[in-house]
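Some notes on the structure that comes next.
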Amino acid sequence: MNNLNDILTSLDVVKLVGQSDIDLTGVNSDSRKVEPGSLFVATRGTQVDGHDYIASAIEKGAMAVVCEILPEKLSPDVVYVVVKNTNVALGKIASAWYDFPSSSLRLVGVTGTNGKTTIATLLYRLFRRLGHKCGLISTVCNCIDSEEFPSTHTTPDPLTLNRLLAQMVECGCKFAFMEVSSHAIDQRRIEGLCFEGGVFTNLTRDHLDYHKTFAEYLAVKKRFFDELSDEAFALTNVDDKNGLVMLQNTKAEKKTYSVRSMSDFKTKVIEDGFDGLKLEINRKEVFLPFIGKFNAYNLTAVYATALLLGCDSDETLLNLSALRPVSGRFEPIAAPSGYKVIVDYAHTPDALKNVLETIDSFLAVEARLITVVGCGGNRDRGKRPLMAKEAVKLSHQVIFTSDNPRNEEPQTIVDEMMEGVEMADRAKVIIILDRYQAIKTAMLLARPKDVVLIAGKGHENYQEINGTRTHFDDKEVVRETMV
């Protein structure tokens, strides 16, 4: 779709200046990428306002501009479209530009603090095993059937997102599974998408550098379910205290899953160990090679979603049992000297607590748990002492180190982590700011039967310091150190 009039049918236009019956060559919200004959959408971001770059976009050849406020000086050769919210408009424009790809897919969005990547990725892998062509949009990678593409955001910008969905349709995909971040909901990146279902995992402290309060964070997550259609399903974890809140105003069909409470999809953990989980899901037993009670929730959500999409229960369980953990999510690496290393993406207090409690429940009596952990720079500073407190509580030895310090001093981040450590526990803590040396030291300290947890970065293969990303992969460091 490349005629401006066709695109305008998707928008609530406040004012139109100029002749709108024009063909466009492209759509952009970044003035630097504008090409002659294209449409420029002046969105408002956290750092910059696209309205400041309207003149620059016109100089580069933009034929039309979508804005909230008209510029003081109007170009006679440009069409101006005034809307209430350009971020909302961009999502709808992107969807229209790519011919509404989400309406040709059975699209499921997964949101919550923890578990999004695991659930979305396992759904993608499960449906491919069941013989379906499908796509994935996630923190780790984006997939169009068997092809993988690098991922830069949990949920991409609207133009990238709709382009990926359109490529999935072109490839013959029938299903698509995506992570839906709170940033994406708040910034309206998913505006205009047609979801067949939404899945809620849990809600704990995260991203308060962006949302400012937990109440605001919750309200943003809830908006995703509020905006689902009456033809969609809303699946929520009722063991989470905010689970039912997500369903309060949704028009979608309401479904629940749990490990503790009564629900539509109820799981009982029969056995839980380093070898995997034996679960009873809706009275059917299955063994799955995943570790930890938190994965019981993730797997139940995957099973429930599959059934809500029309899959057979027994076939789903059979294929679910053949899946393996997602990269960097409680990923075990066996060391030749008899100890175990776990690499996990845990970067919130609750996620770290879940991982540590899981490991602690499996530890041999004489074994120790050694934890390597840091906190990201330029992010929610309030969770730093909370992360440290959780790390020290169940670990025998803790090494505080750098995560992605970004533009902050690593020592400052660690100092703020130390505020959460009681004086009596400080003897447990070693500070090694160099992450490579921290991991190496933890493994040198480990004895047979010990467990070393390396938390915070998981699948990430980079470290960001002073605005520069350099290659760094926790798993690579572990394997290199083992040699």
Next on the checklist: Pair Tyr436, Thr481 - check side chain to side chain donor-acceptor pair (under 3.5 Å), show working.
Outcome noted: CA-CA 9 Å; Tyr436 181 94; Thr481 307; 4.7 Å; no
Item to check | Distance-only donor-acceptor check, side chains His471 and Glu476, under 3.5 Å | outcome: yes
Checklist entry - Between Arg129 and Asn319, does any side-chain donor sit less than 3.5 Å from a side-chain acceptor? => result yes
Checklist entry - Under 6.0 Å from the CD atom of Glu170, do we count more than 12 heavy atoms belonging to anything else shown? => result no
Item to check | Chi angles and distances behind the side-chain contact (heavy atoms from CB on, under 4.5 Å) call for Thr121, Arg125 | outcome: CA-CA 6 Å; Thr121 304; Arg125 293 177 182 174; 3.6 Å; yes
Checklist entry - Is there a side-chain contact (heavy atoms from CB on, under 4.5 Å) between Phe290 and Leu122 once you walk through the steps? => result CA-CA 12 Å; Phe290 292 79; Leu122 292 183; 3.9 Å; yes
Checklist entry - Does NZ belonging to Lys84 count more than 12 external heavy atoms closer than 6.0 Å? => result no
Checklist outcome for this item: What one should report as the nearest heavy-atom pair of Gly376 and Arg406 is CA-NH1, 3.7 Å
Item to check | Rounded distance [0.5 Å steps], CD in Glu191 versus OG in Ser10 | outcome: 11.0 Å
Checklist entry - Glu253 and Lys255: salt bridge (Lys or Arg N to Asp or Glu O under 4.0 Å), yes or no, with the steps? => result CA-CA 7 Å; Glu253 181 185 10; Lys255 293 292 180 180; 3.7 Å; yes
Checklist entry - In terms of side-chain geometry, is the basic nitrogen of Arg381 or Glu416 positioned less than 4.0 Å from the acidic oxygen of its partner? => result yes
Item to check | Exam field: side chain Asp434 to backbone Gln437, donor-acceptor pair closer than 3.5 Å | outcome: yes
Checklist entry - Does a sphere of radius 6.0 Å around CZ in Phe233 hold more than 12 heavy atoms from other residues, nucleotides or ligands, not counting ones at 6.0 Å or beyond? => result yes
Next on the checklist: Apply side-chain contact (heavy atoms from CB on, under 4.5 Å) to residues Thr113 and Tyr217 and explain how you reach the verdict.
Outcome noted: CA-CA 10 Å; Thr113 305; Tyr217 180 42; 2.9 Å; yes
Checklist entry - More than 12 heavy atoms of other residues, nucleotides or ligands under 6.0 Å from NZ of Lys222: is that the case? => result yes
Next on the checklist: Can you confirm whether the side chains of Asn3 and Asp23 place a donor and an acceptor under 3.5 Å from each other?
Outcome noted: yes
Checklist entry - Counting only N and O atoms by type, is there a donor-acceptor contact under 3.5 Å from the side chain of Asn162 to the main-chain atoms of Pro158? => result yes
Checklist entry - Would Arg329 count as a cation-pi partner of Tyr345, with NZ or CZ less than 6.0 Å from the six-membered ring centre and within 45° of the ring normal? => result yes
Item to check | Basic-acidic side-chain contact under 4.0 Å: Asp145, Arg128 | outcome: yes
Checklist entry - For Glu179 and Thr117, does a side-chain donor sit closer than 3.5 Å to a side-chain acceptor? => result yes
Checklist outcome for this item: Interatomic distance, OG1@Thr250 vs CG@Asp230, rounded to 0.5 Å, equals 9.5 Å
Item to check | Separation between CD of Glu148 and OG of Ser151, rounded to the nearest 0.5 Å | outcome: 11.0 Å
Checklist entry - Without hydrogens or angle criteria, can the side chains of Lys221 and Thr111 be said to hold a donor-acceptor pair below 3.5 Å? => result yes
Next on the checklist: Quick one: does any side-chain atom of Lys133 pair with a main-chain N or O of Lys174 as donor and acceptor, under 3.5 Å?
Outcome noted: no
Checklist entry - Which residue pairs pass the side-chain hydrogen bond (donor to acceptor under 3.5 Å, both in side chains) test with at least one member in residues 66-77, sequence neighbours excluded? => result Arg44-Glu68, Glu68-Thr86
Next on the checklist: When you compare the side chains of Asn114 and Asn354, does any donor N or O come within less than 3.5 Å of an acceptor on the partner?
Outcome noted: no
Next on the checklist: Among residues at least two apart in sequence or on other chains, which ones pass salt bridge (Lys or Arg N to Asp or Glu O under 4.0 Å) with Lys475?
Outcome noted: Glu331
Checklist entry - Would you say Ser103's side chain and Phe100's backbone share a donor-acceptor pair under 3.5 angstrom? => result yes
Checklist entry - Using a distance-only test with no angle check, is there a side-chain donor-acceptor pair under 3.5 angstrom linking Thr412 and Asp415? => result no
Item to check | Pairwise distance CG(Leu247) to CG(Asp226) - rounded to 0.5 angstrom | outcome: 10.0 Å
Next on the checklist: Let me confirm one number: the CE-CG distance from Met246 to Asp240, rounded to the nearest 0.5 Å.
Outcome noted: 7.5 Å
Checklist entry - Is Lys457 close enough and on-axis enough to Tyr462, meaning under 6.0 Å and within 45°, for cation-pi? => result yes
Next on the checklist: Is it true that Ser258 and Ser263 share a donor-acceptor pair across their side chains at a distance under 3.5 Å?
Outcome noted: yes
Item to check | Residue pair Tyr257 / Asp264, side-chain donor-acceptor N/O under 3.5 Å | outcome: no
Checklist entry - Just wondering, more than 12 heavy atoms not from Gln411 lying within 6.0 Å of its CD? => result yes
Next on the checklist: Apply salt bridge (Lys or Arg N to Asp or Glu O under 4.0 Å) to residues Arg188 and Glu227 and explain how you reach the verdict.
Outcome noted: CA-CA 12 Å; Arg188 299 291 185 169; Glu227 295 178 354; 3.1 Å; yes
Checklist entry - Does a side-chain N-to-carboxylate-O contact under 4.0 Å join Arg379 and Glu464? => result no
Next on the checklist: Can you see whether Asn28 engages Ser38 through a side-chain donor-acceptor pair at a distance of less than 3.5 angstrom?
Outcome noted: no
Checklist outcome for this item: The single option from Tyr124, Phe195, Phe127 that satisfies ring-ring contact (aromatic ring centres under 6.0 Å, His included) with Phe177 is Phe127
Checklist entry - Are any side-chain N or O atoms of Arg106 and backbone N or O atoms of Phe175, one a donor and one an acceptor, separated by less than 3.5 Å? => result no
Next on the checklist: For Lys254, I'd like to know if atom NZ has over 12 heavy atoms of other residues, nucleotides or ligands within 6.0 Å.
Outcome noted: yes
Checklist entry - Nearest 0.5 Å, what's the CG-OG1 distance between Leu164 and Thr160? => result 7.0 Å
Checklist entry - Does Asn85 use its side chain to pair, donor to acceptor, with the backbone of Val88 at less than 3.5 Å? => result yes
Checklist entry - Is there a donor-acceptor contact under 3.5 Å from the side chain of Gln463 to the main chain of Asp403? => result yes
Checklist entry - Does the Asn142 side chain pair with the main chain of Ser138, one donor and one acceptor, at a distance under 3.5 Å? => result yes
